[in-house]
Every structure is written in structure tokens, then in C-alpha cells.
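All remarks here apply to the structure that follows.
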Amino acid sequence: MTFHIITIFPNLFESYLADSMMKRAIASKNISVKFYNPRDFTTNKHNKVDDIPYGGGPGMIMTVQPIIDAWKKARGRSQKKKFKTIILSPGGTEFTTAYAKQSVKKYTDIIFICGRYEGIDARVKKIIDKQAEEVSIGNYVLTGGELAAMVMIDSISRQVDGVLGNKQSLEEERISSHEMYTRPLVVEHQGKKYTVPDVLQSGNHKLIDEWRNHH
Ligand code: SAM
């Protein structure tokens, strides 16, 4: 899977991609990440990527031309690749694990367009047309699309073969509980004892799976 990220702040991704699962996934070539900065695609004197909103109002809107040119560069000419364009937007389709799984099945390349300021000129989506979908990571407003893109990249990468390794991903499918415990068996805090549920110590995997389905 190749992720193409259109952002005016590519540095924001550096530390996250340079460690842990993402680092390994990139090193093993299970995923790759490419950046396109709209500022590098500007045709105006001061490399401006934003302008005032029509109809008035506070803040600035990201302009069409640098984003579309960056998108065309990301899109390339290959006919073999299966592209999806995601425009990060708080009002878009809600991102879920099911969405991540489907994305891995259907596409070889995902382009993320990260908004900033008051958002992106609506004509970006109209120009890209059916190939683009607005997607949200939740019902709250972030300062920019970069964190949202990172959340999706992490979640989608987990679904790419070889990223977690078979054993781990199978385990992930099996454990449906949010309530997990590790050693020690008893934790004491401010005079109170917190212990691990008996069923998890029983060795009975049928009972354990049943318990996990309900916790
Ligand atoms: N009024 C704008 C709107 O409704 O799109 C909010 C703009 S927000 C300050 C700037 C950018 O952050 C958005 O263009 C989008 O790319 C990103 N963003 C903010 N919240 C998001 C969320 N929950 N999910 C995905 N992207 C988000």
C-alpha cells in the first residue's frame, strides 16, 4: 500500500513514521509514504496556498490550484494502480476499522488531502469528482487534516498483509475484549487490591472467549 499525503506540514509526520510499527512497515516495504506540499505547486509569487472566503467570514480557505496540481502529481499516469482519494473533513464519512479493511482490499494507493485554516475550497472535490471522498475521524474539529491522516494510515496499515505478522493479526481478530490484564496478578493501590478476573486464569479458552465477548 502506498500512501500519498498532500500537506503543507509534512514535518508533522516525521516522528510517527520513524518509530515502532510504521517504521518496520516502511523498512519491510509493506507500505510506503510519499509527500506533496501544495506550496511546491504554487504559481503565485509568494507561494500562497490560501485566500479569503467568498461571502465573508473569518479565516482563510485553501485554494484549488496548488492542491489539484499536487494531486495530479500523486495520481501519476499508472493505469495499474488502484487509487482512492480521501479529503480529510470533520463532516465527512466516519472512518472505521471496516473502512480500513475495505481500503486495503480495494486499493493499492491512497491519496490524503489534508486541510488547514478554515478548510479546502469545495471545488477541489468537484474537480476530482467520484474518485474523492470526504472522510472524518470523529465528531470534533482538529486544526488540520494531518493528525486525521496519521490515524487512518496507522489503522489501514494494520490491515496490510505482513505489517503485524500473521500471528499477531489473528490474535487481534480473536480478542474482542477491551478489558485486558497482565502481570502482576494483584495490584495494590492506596490500600485497595485490584485482581485479575478468575476466568482469565482458568486456562479454559472457550470460557475466556465468551468472557471477552462481553467485556
Ligand atoms: N470549518 C471547517 C470544516 O468544516 O471543514 C473546519 C476546518 S478545520 C479547522 C481544518 C482542517 O482540519 C479541515 O479542512 C480538515 O482537513 C481537518 N479536520 C478537522 N477535523 C477533522 C476531523 N474530525 N476528521 C478529519 N479531518 C479533520
Side-chain angles (χ1 to χ4, degrees), residues 1-5 7 11-33 82 84 86 88-110 112 114 133-215:
M1 173 68 78
T2 302
F3 299 109
H4 306 260
I5 307 173
T7 170
N11 292 348
L12 291 178
F13 291 81
E14 259 175 30
S15 68
Y16 198 74
L17 297 177
D19 248 314
S20 186
M21 178 193 80
M22 298 307 299
K23 180 185 177 184
R24 289 194 302 274
I26 292 168
S28 60
K29 298 197 168 33
N30 284 308
I31 68 161
S32 68
V33 186
K82 292 182 202 150
K84 167 82 179 178
I86 290 176
L88 284 318
S89 166
T93 307
E94 193 192 351
F95 181 77
T96 59
T97 299
Y99 192 104
K101 284 183 181 171
Q102 281 300 309
S103 301
V104 171
K105 275 193 196 144
K106 288 190 188 159
Y107 310 110
T108 61
D109 291 69
I110 300 177
F112 292 96
C114 303
E133 183 178 12
E134 288 181 294
V135 183
S136 164
I137 61 161
N139 193 13
Y140 41 79
V141 178
L142 301 162
T143 313
E146 288 78 9
L147 268 178
M150 257 189 294
V151 166
M152 290 189 207
I153 288 170
D154 182 300
S155 173
I156 293 168
S157 297
R158 292 170 67 81
Q159 304 298 332
V160 173
D161 270 354
V163 167
L164 286 180
N166 279 344
K167 193 175 160 274
Q168 256 177 301
S169 43
L170 275 175
E171 199 176 323
E172 184 172 61
E173 292 297 316
R174 196 167 63 80
I175 296 175
S176 53
S177 171
H178 298 295
E179 209 177 300
M180 283 168 280
Y181 297 86
T182 185
R183 289 180 217 184
L185 185 61
V186 180
V187 171
E188 273 196 65
H189 182 72
Q190 293 182 343
K192 199 173 163 194
K193 285 185 179 172
Y194 298 83
T195 189
V196 177
D198 290 343
V199 62
L200 297 180
Q201 305 168 55
S202 69
N204 183 332
H205 289 289
K206 194 168 172 276
L207 283 181
I208 290 172
D209 283 351
E210 267 170 29
W211 182 90
R212 282 180 169 158
N213 280 333
H214 294 97
H215 289 81

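Residue numbers run from 1 in the order of the sequence given.
The distance from atom CD1 of Ile31 to atom CE of Met1, rounded to the nearest 0.5 Å, is 9.5 Å. Interatomic distance, CZ of Arg212 versus NE2 of His214, reported as 14.0 Å (0.5 Å rounding). Taking CG of Leu207 as the start and CG of Leu200 as the end, the distance is 10.5 Å to the nearest 0.5 Å. Between the CG atom in Leu185 and the NZ atom in Lys193 there is a gap of 11.0 Å [rounded to 0.5 Å].
Shown here for Thr7 and Glu146, the closest heavy-atom pair between the two residues is OG1-OE2, 2.6 Å. When every heavy atom of Met21 is checked against every heavy atom of Ser157, the shortest pair comes out as CE-CB, 4.1 Å.
Contact of the Lys84 side chain with the Ser103 side chain is not registered, since no non-hydrogen atoms from C-beta on lie closer than 4.5 Å. The shortest distance between side-chain heavy atoms of Met152 and Ile110 does not fall below 4.5 Å. Residues Ile156 and Phe3 have side chains in contact (heavy-atom distance under 4.5 Å, counting atoms from C-beta outward). Residues Phe95 and Leu88 form no side-chain contact, since every pair of their non-hydrogen atoms from C-beta on lies 4.5 Å or further apart. The shortest distance between side-chain heavy atoms of Met150 and Leu17 does not fall below 4.5 Å. Counting heavy atoms from C-beta on, the side chains of His4 and Thr2 come closer than 4.5 Å. For the pair Ile153/Met22, a side-chain contact is recorded, criterion being any heavy-atom separation below 4.5 Å from C-beta on. Asn30 places none of its side-chain heavy atoms less than 4.5 Å from the side chain of Asp161.
Take Glu179 and apply the side-chain hydrogen bond (donor to acceptor under 3.5 Å, both in side chains) test, not counting sequence neighbours, and it matches Tyr181.
Annotation: salt bridge (Lys or Arg N to Asp or Glu O under 4.0 Å) contacts involving residues 134-145, sequence neighbours excluded, are absent.
Side chain of Ser28 to main chain of Arg24: a donor-acceptor pair is present (N/O by atom type, distance under 3.5 Å, no hydrogens or angles). The backbone N or O of Val135 lies less than 3.5 Å from no partner atom in the side chain of Thr93, so there is not a single donor-acceptor pair. Ser136 places no side-chain N or O within donor-acceptor distance of the main-chain N or O of Gly92, the cut-off being under 3.5 Å.
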Verdict with reasoning, Phe13 to Ile5, per side-chain contact (heavy atoms from CB on, under 4.5 Å): CA-CA 10 Å; Phe13 291 81; Ile5 307 173; 3.5 Å; yes

side-chain contact (heavy atoms from CB on, under 4.5 Å) between Gln159 and Thr97, worked out: CA-CA 9 Å; Gln159 304 298 332; Thr97 299; 3.8 Å; yes

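In the model, Glu133 has a side-chain atom that pairs as donor or acceptor with a side-chain atom of Tyr99 under 3.5 Å.
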